[in-house]
Amino acid sequence: MSSPEPMSSPEPILEARGLVKKYGQVVALNGADFEIYPGEILAIIGDNGAGKSTLIKALSGALQPDEGEISLGGERINFRSPRDAQRAGIETVYQDLAVAPALDIASNVFLGRETRRRGPLGSLLRLLDKRGMRREARRQFEELGIGVQSIGEAVGNLSGGQRQGVAVARAAAWARRLVIMDEPTAALGVKETGQVIDLIKRVRERGLPVILISHDMPHVFELADRIHIMRLGRRVAVVTPKTHTMPEAVAIMTGATPSELDNVLAKKGSPE
Amino acid sequence: MGPTRTLQLARRLITAPTVGPFIALVLTMVFFSLKTDRFFQAQNFSLVLQQVMIVGVLAIGQTLVILTAGIDLSVGTVMALGQVIMTKLAVANGVPVVPALLLGVLTCVGFGVLHGGLVTGVRLPPFIITLGTLNIAFALTHIISNDLTFTGLPKLELFWGRTFSISGTDFTYGVVLMLVLYALAWYGLNQTAWGRHVYATGDNREAARLTGINTNRVLLSVYTLAGLTYGIAAWLLIGRTQVGDPNAGQTTENLDSITAVVLGGTSLFGGRGTVIGTLIGALIVGVFRNGLTLIGVSVIYQYLVTGILVILAVSVDQFLHRRNG
Ligand SMILES: Nc1ncnc2c1ncn2[C@@H]1O[C@H](COP(=O)(O)OP(=O)(O)OP(=O)(O)O)[C@@H](O)[C@H]1O
Ligand SMILES: [Mg+2]
């Protein structure tokens with residue numbers, strides 16, 4: 001494959017080969033390959049049902065592929081649950097937002113990794129350090145430039161956009177190696193979309209690579225270093241905003257007639 | 001601090017989920033106080049507490065299960081089985097009292113583990129699983145007891161029925177144990193990470209799993225702890241009835257425990273509710289039963305009233321659930 005790679009570091013941080021995932025008759029992934037390099041924003045685009053969400057779920061431990069292999073930093077891995085991926089430093093914002101509406105913002109940020117009080121109160125009585133978690137959550141929100149009214153507000157009372165903000169902030173706050181975002185701006189207004197995009201840039205400034213699934217081509221072309229194009233459960237091409245235009249990327253994505261596709265690819269040269 | 005702080009606190013209090021059930025409890029008590037002089041008396045309250053004790057403890061387990069969007073139809077029969085094992089072993093088999101009690105409790109815990117294992121492993125609906133174990137526990141109770149009632153029980157088995165006196169009013173130790181168990185459940189649900197995972201799992205199991213919570217472990221712990229509360233309730237039941245009766249504590253307890261949870265404002269959809277609400281709910285059931293008896297309404301009407309109450313409470317739950325999405 002002759003996909004463009006960053007010159008600086010040729011070793012992918014996360015890599016997958018030949019992933020297959022079937023749901024009964026439906027083949028969601030049909031031998032998909034994938035790689036992301038340190039420090040880059042990789043956009044994944046593709047039509048509805050192309051297998052984008054299934055791919056990132058396989059990468060984040062949310063599901064186990066039927067076939068294929070995944071390696072992290074060059075080592076074969078087998079995430080059996082999202083928790084395994086989190087332990088390896090990979091944080092994910094899923095398309096169907098994974099938040100707990102009954103719990104407040106701080107509790108959501110710390111969900112699954114709560115901190116306890118120091119001393120016997122924490123170790124013996126397992127008492128939560130609620131104040132400490134709130135303080136820390138507030139600090140993280142400030143650092144990421146997300147404004148929230150009250151860190152003690154139940155997430156169920158927030159607007160869709162604010163909820164998304166919480167999910168994105170949680171991922172950004174905990175990720176140590178990689179952030180995955182599945183359509184993080186799907187439900188958002190113009191202003192909130194802008195905030196999430198700023199947030200993604202800030203995550204990259206921290207040196208973390210980001211996988212971004214989006215249907216919003218202008219944003220994809222604004223943000224992405226490389227664009228992974230999916231069709232019918234496979235990666236059909238990897239392009240960059242420098243080498244391809246939006247209509248070209250869309251043509252590959254929608255599988256314009258073979259000859260047209262060939263034309264586009266012959267000119268730019270990055271088929272699989 | 002400032003007035004905003006006070007306002008916030010006031011808002012919290014008004015919107016607190018236990019406020020509705022609490023008002024309902026107060027109204028019920030006012031109603032019966034007006035109807036009969038015999039209701040509003042310390043000795044009668046003590047009696048209500050004793051009557052509530054069994055269902056109250058069962059309802060703690062039921063609350064945990066319902067918070068995870070499950071339901072347990074077997075609570076009463078599992079408790080009855082535990083009780084028969086405790087008493088039969090001690091009286092008929094000559095087992096020392098401590099192992100007899102332990103084996104009874106362990107049987108109930110075993111049922112909890114079984115429920116949890118089937119819910120997480122085979123992914124069967126809790127409704128069906130516990131309908132099955134309801135029948136299994138019912139059958140085992142009668143097989144093991146041979147339909148005999150066990151009397152002449154060792155002192156320790158009767159302990160929770162013993163009373164102490166506060167300014168002339170007698171309270172049983174069992175009531176104290178019930179309150180302690182409520183305090184423990186409150187602590188676990190509100191002050192520990194486990195509690196948050198219970199709420200998150202109940203609200204949306206898949207979302208909780210995606211955030212990195214081991215939802216299977218949470219569910220298993222919930223059903224196991226629920227089994228433990230049924231085991232403790234079995235011991236309390238012996239204290240209350242002073243015998244091991246295979247016909248004690250059956251389906252009435254199943255329904256009453258669910259009634260208490262629902263009246264207490266816990267959502268059958270999971271993820272929302274409080275154990276304090278359940279205590280209030282159990283008290284509402286107890287006060288109704290007690291009050292209706294005092295004013296001479298037959299037992300059949302008590303069922304009628306609780307049935308209507310449950311449907312009302314579930315309707316409110318459904319309404320709130322629809323509104324909040
Ligand atoms: N849990 C599931 N059970 C059955 N089929 C599934 C399941 N998840 C995904 N699929 C199917 O797999 C295919 C790929 O789905 P996927 O969600 O990965 O697409 P996508 O590219 O993320 O689409 P979208 O842009 O709409 O989010 C679809 O045909 C979908 O219907
Ligand atoms: Mg998707």
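In what follows, every chain begins at residue 1, and chains take the letters A, B, ... in the order their sequences are listed.
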Pairwise distance NZ(Lys57(A)) to CG(Leu210(B)) - rounded to 0.5 angstrom: 6.5 Å
Residues of residues 211-225 of chain B contacting chain A, heavy-atom criterion under 4.5 Å, by residue number: Thr211(B), Gly212(B), Ile213(B)
Listed partners of Tyr94(A) passing side chain to side chain donor-acceptor pair (under 3.5 Å), at least two apart: Ser60(A)
Note: vs chain B, highest number of non-hydrogen pairs under 4.5 angstrom among Leu125(A), Val99(A), Thr92(A) is Leu125(A)
Surrounding CZ of Phe22(B) (heavy atoms of other residues, nucleotides or ligands, distance under 6.0 Å), is the total greater than 12? no
Quick check on Asn204(B) against chain A: is it the side chain, the backbone, both or neither that has a heavy atom closer than 4.5 Å? neither
Counting only non-hydrogen atoms closer than 4.5 Å, does Ala200(B) touch chain A with its backbone (N, CA, C, O), its side chain (CB onward), both, or neither? both
Okay, Leu111(A) and chain B: the region with an atom under 4.5 Å from a heavy atom over there is both
Shortest non-hydrogen separation from Glu114(A) to Ala193(B) and the atoms involved: OE1-CB, 3.6 Å
Is the number of heavy atoms from other residues, nucleotides or ligands within 6.0 Å of CZ (Arg206(A)) greater than 12? yes
List the atom of Arg209(B), the atom of Ala62(A), and the distance in Å for their closest heavy-atom pair. NH2-O, 2.6 Å
Which heavy atom of Leu103(A) sits nearest a heavy atom of Tyr199(B), and at what distance? CD2-CB, 4.4 Å
Let me know if Arg170(A) has heavy atoms under 4.5 Å from chain B in its side chain, its backbone, both or neither. side chain
With sequence neighbours left out, write down each residue that passes side chain to side chain donor-acceptor pair (under 3.5 Å) with Ser107(A), or none if nothing qualifies. Asp104(A), Arg196(B)
Applying ring-ring contact (aromatic ring centres under 6.0 Å, His included), name anything that partners Trp194(B), two or more places apart in sequence or on another chain. none
Just checking Arg126(A): does its CZ atom have more than 12 heavy atoms from other residues, nucleotides or ligands closer to it than 6.0 angstrom? no
Among Leu121(A), Leu127(A), Leu128(A), find the one that has a side-chain contact (heavy atoms from CB on, under 4.5 Å) with Gln191(B). Leu127(A)
